[in-house]
Peer 1: 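Below are the structure tokens for one structure; questions will follow.
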Amino acid sequence: MEPDQTSTPTTPTTPTTPTTPTTLTTSIAPTAPTTGVTLNPAARTVGAPRGSGFWVVGAVLVLLMLSSSVPSALYVLYQQEWGLSSGTITVVFALYAVTVLAGLLLFGSLSDTLGRRPVLGAGLVLAIVSMGLFAGSQGLGMLLAARAVQGLAVGLATGAMGAALLELTPRSRPALGAQVNSAGPTVGIGLGGIGAGLLVQYAPAPTALSYLLLIGAFALSLAGVARMPESAPGAGGGFRVVPRRIRIPAAVRGRFAVLVLTIVAVWSVGGFYLSLGPHLALSLLQSTNYLVGGATVALLAGAATAAQLLLGATEALRTAVIGLLGLLAGLGLVLLSLGTGSAALFLVATAVLGSGWGAAFLGSFRALSALAEPEHRGELTAAVYVFAYLAMSVPAVLAGMLTNIHGLHRTSVGFMAAVAAVCTLALLVTLRLAARTRAEGRTA
């Protein structure tokens with residue numbers, strides 16, 4: 001997620017460039033990427049290509065993230081048609097997160113040597129294969145295969161997308177690459193949720209049409225990628241897989257432990273909403289309209305995008321604190337809506353929660369990405385990815401299993417209360433870190 005991504009980030013992307021000196025600040029979104037990078041002047045040749053290639057890559061980013069959220073709007077339908085339990089649905093969701101992480105860690109730097117175009121092209125081919133598997137799914141086995149291939153496609157393409165957007169940024173708008181990297185993932189997730197909800201509710205072939213349309217969109221994007229210029233400074237090398245090392249520099253482990261609490265809280269909420277959120281919304285609204293489920297995902301992602309755009313220039317730790325306060329307010333409202341059975345309050349709570357989600361992730365990831373020296377930042381970012389994707393998948397799977405035992409309503413109350421406790425702890429330690437940072441005369 002599709003955790004992206006940097007100095008103005010929001011969702012995961014893999015920093016790249018072992019071959020070129022860079023100053024990198026990255027941010028992820030376990031379903032997707034965000035990277036803000038300032039390349040060393042020597043890394044760009046004087047006529048580095050820009051223009052249409054930038055928008056092609058931006059479209060690929062939005063489409064991949066859009067496709068990652070389409071199944072969320074269909075999970076309720078799969079449950080009804082195939083008799084799947086909530087626990088099984090969350091396993092399907094978790095498989096996507098695990099394969100995205102595997103793709104990021106194994107192939108995150110592949111485009112530095114092979115080139116952005118071939119890696120993006122391979123990612124799009126895998127995305128088309130996954131859409132075909134989704135469209136032809138008749139049961140759990142095909143659904144799991146489709147989700148796994150989709151996760152690998154996103155993981156493979158993420159690093160290439162983040163780097164290409166920064167390399168192809170129009171010279172007249174130098175901040176545009178980081179902005180698209182930051183907002184693209186949540187925009188895609190939101191559009192996927194609402195678009196799939198509309199098609200499922202009002203169009204024929206509800207479990208196939210969304211995916212067939214995406215096959216066409218990915219095919220057009222593949223043609224665009226084939227025509228765009230290569231932008232990687234070290235392109236032309238052979239196929240070389242350099243797995244990301246999971247290492248946290250000893251000097252920053254204390255700060256890392258503080259900030260990663262926010263990452264865990266943020267993506268626990270994201271995983272729950274992307275897997276069980278539509279089902280919960282339909283239950284509270286006592287509705288059979290599948291658009292409601294997709295709109296819930298879109299509302300969460302849309303509010304996150306708005307918060308990230310509004311707070312993009314705010315200092316990182318302050319943004320994280322604002323986000324954590326928003327998360328706590330949103331979780332409190334969700335609990336209140338579950339206690340009162342108020343559907344309207346649940347929608348308000350989702351919007352507040354989304355705002356906190358976006359701001360907390362943006363602030364914590366920017367602060368985390370600044371902890372390591374540039375030569376070690378990829379290692380630290382890989383460690384963040386691990387925590388983010390585990391937080392997105394493991395709690396969601398546990399919640400799904402508990403739903404089979406205690407029901408969706410009681411499980412949701414317990415889950416939100418547990419996440420609120422993590423948020424409270426994260427807020428307290430982040431406030432202490434911010435005070436210590438100010439006392440040391442640093443910015444973060």
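Just so you know, these numbers come straight off a predicted model, no measurement behind them. Hydrogens, waters and symmetry mates play no part in the numbers below; they use all other heavy atoms, side chains included.
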Peer 1: Grab the two heavy atoms, one from S364 and one from A360, that are nearest each other, plus how far apart they are.
Peer 2: OG-O, 2.7 Å
Peer 1: Hey, can you tell me if W267 and W357 have their rings parallel, tilted or perpendicular (30° and 60° cut-offs)?
Peer 2: perpendicular
Peer 1: Within the structure provided, determine whether L362 and T314 are in side-chain contact (heavy-atom separation under 4.5 Å).
Peer 2: no
Peer 1: Going by side-chain contact (heavy atoms from CB on, under 4.5 Å), L427 matches just one of T262, V321, L327. Which one?
Peer 2: V321
Peer 1: Check V76 against P278 and note the closest heavy-atom contact, atom names and distance.
Peer 2: CG2-C, 4.2 Å
Peer 1: What are the two closest non-hydrogen atoms of A127 and A153, and how far apart are they?
Peer 2: N-CB, 3.7 Å
Peer 1: If we count only N and O atoms by modelled type, under 3.5 Å, do the side chains of T88 and S85 hold a donor and an acceptor together?
Peer 2: yes
Peer 1: Kindly list each side-chain donor-acceptor pair under 3.5 angstrom involving residues 411-423, sequence neighbours excluded, with atom names and distances?
Peer 2:
| residue | atom | partner | partner atom | Å |
| --- | --- | --- | --- | --- |
| T411 | OG1 | L402 | O | 3.3 |
| T411 | OG1 | T403 | N | 3.4 |
| T411 | OG1 | G407 | O | 2.8 |
| S412 | OG | L408 | O | 2.7 |

Peer 1: Show, in sequence, the C-alpha distance, side-chain angles and deciding distance for M131 and Q150, and conclude whether the side chain to side chain contact (heavy atoms under 4.5 Å, CB included) test is met.
Peer 2: CA-CA 8 Å; M131 295 300 103; Q150 183 183 44; 3.5 Å; yes
Peer 1: Step by step, work out the side chain to side chain contact (heavy atoms under 4.5 Å, CB included) result for L390 and V98.
Peer 2: CA-CA 8 Å; L390 288 175; V98 170; over 6 Å; no
Peer 1: Start with the C-alpha distance between M392 and S268, add both sets of side-chain angles, then the distance that settles side chain to side chain contact (heavy atoms under 4.5 Å, CB included), and finish with yes or no.
Peer 2: CA-CA 5 Å; M392 187 167 73; S268 294; over 6 Å; no
Peer 1: So, does S111 use its side chain to make a donor-acceptor pair with the main chain of R116 at under 3.5 Å?
Peer 2: no
Peer 1: Working to the nearest 0.5 Å, report the span between OG1 of T186 and CG of L191.
Peer 2: 9.5 Å
Peer 1: Report yes if the side chains of Y75 and L84 come closer than 4.5 Å at any heavy-atom pair, otherwise no.
Peer 2: no
Peer 1: Classify the side-chain pair T350/Y273 by whether it contains a donor and acceptor separated by less than 3.5 Å.
Peer 2: yes
Peer 1: What I'd like to find out is whether the side chain of L64 reaches to under 4.5 Å of the side chain of M161, using heavy atoms alone.
Peer 2: yes
Peer 1: Nearest 0.5 Å, please: how far is CG in L325 from CG in L431?
Peer 2: 7.5 Å
Peer 1: Could you tell me if the side chain of I194 sits less than 4.5 Å from the side chain of L291, heavy atoms only?
Peer 2: yes
Peer 1: Might you point out which heavy atoms bring G115 and V119 nearest each other, and give the distance in Å?
Peer 2: O-CG2, 3.4 Å
Peer 1: Does any part of the side chain of S275, heavy atoms only, come nearer than 4.5 Å to the side chain of Y96, both counted from C-beta?
Peer 2: no
Peer 1: Does the side chain to side chain contact (heavy atoms under 4.5 Å, CB included) test come out yes or no for R366 and L317, once each step is laid out?
Peer 2: CA-CA 8 Å; R366 284 173 56 198; L317 288 178; over 6 Å; no
Peer 1: Can you confirm whether V70 sits close enough to L74 that some side-chain heavy atom of one is under 4.5 Å from a side-chain heavy atom of the other?
Peer 2: yes
Peer 1: So which heavy atom on N289 is nearest to which on L282, and how close?
Peer 2: O-CD2, 3.1 Å
Peer 1: Roughly how far, to the nearest 0.5 Å, is the CG atom of L338 from the CG atom of L280?
Peer 2: 5.5 Å
Peer 1: Does E230 use its side chain to pair, donor to acceptor, with the backbone of R117 at less than 3.5 Å?
Peer 2: yes
Peer 1: Can you tell me how far apart CG (L284) and OG1 (T296) are? Round to the nearest 0.5 Å.
Peer 2: 9.0 Å
Peer 1: What distance separates S221 OG from L61 CG, expressed to the nearest 0.5 Å?
Peer 2: 11.0 Å
Peer 1: If you compare all heavy atoms of A157 against all heavy atoms of G123, which two are closest, and at what distance to 0.1 Å?
Peer 2: CB-CA, 4.5 Å
Peer 1: For the rings on F93 and F272, is their centre-to-centre separation under 6.0 Å?
Peer 2: no
Peer 1: Got F134 and R147 here, is their nearest side-chain heavy-atom distance under 4.5 Å?
Peer 2: yes
Peer 1: Between OG1 of T169 and CG of L165, what distance do you get to the nearest 0.5 Å?
Peer 2: 7.0 Å
Peer 1: Residues two or more places apart in sequence or in another chain: which of them pass side chain to side chain contact (heavy atoms under 4.5 Å, CB included) with V91?
Peer 2: V397
Peer 1: Any chance you could lay out the ring-ring contact (aromatic ring centres under 6.0 Å, His included) test for F256 and F387, step after step, and finish with the verdict?
Peer 2: CA-CA 11 Å; F256 181 92; F387 280 98; 5.8 Å; yes
Peer 1: Are side-chain heavy atoms of V225 and V57 found at a separation under 4.5 Å?
Peer 2: no
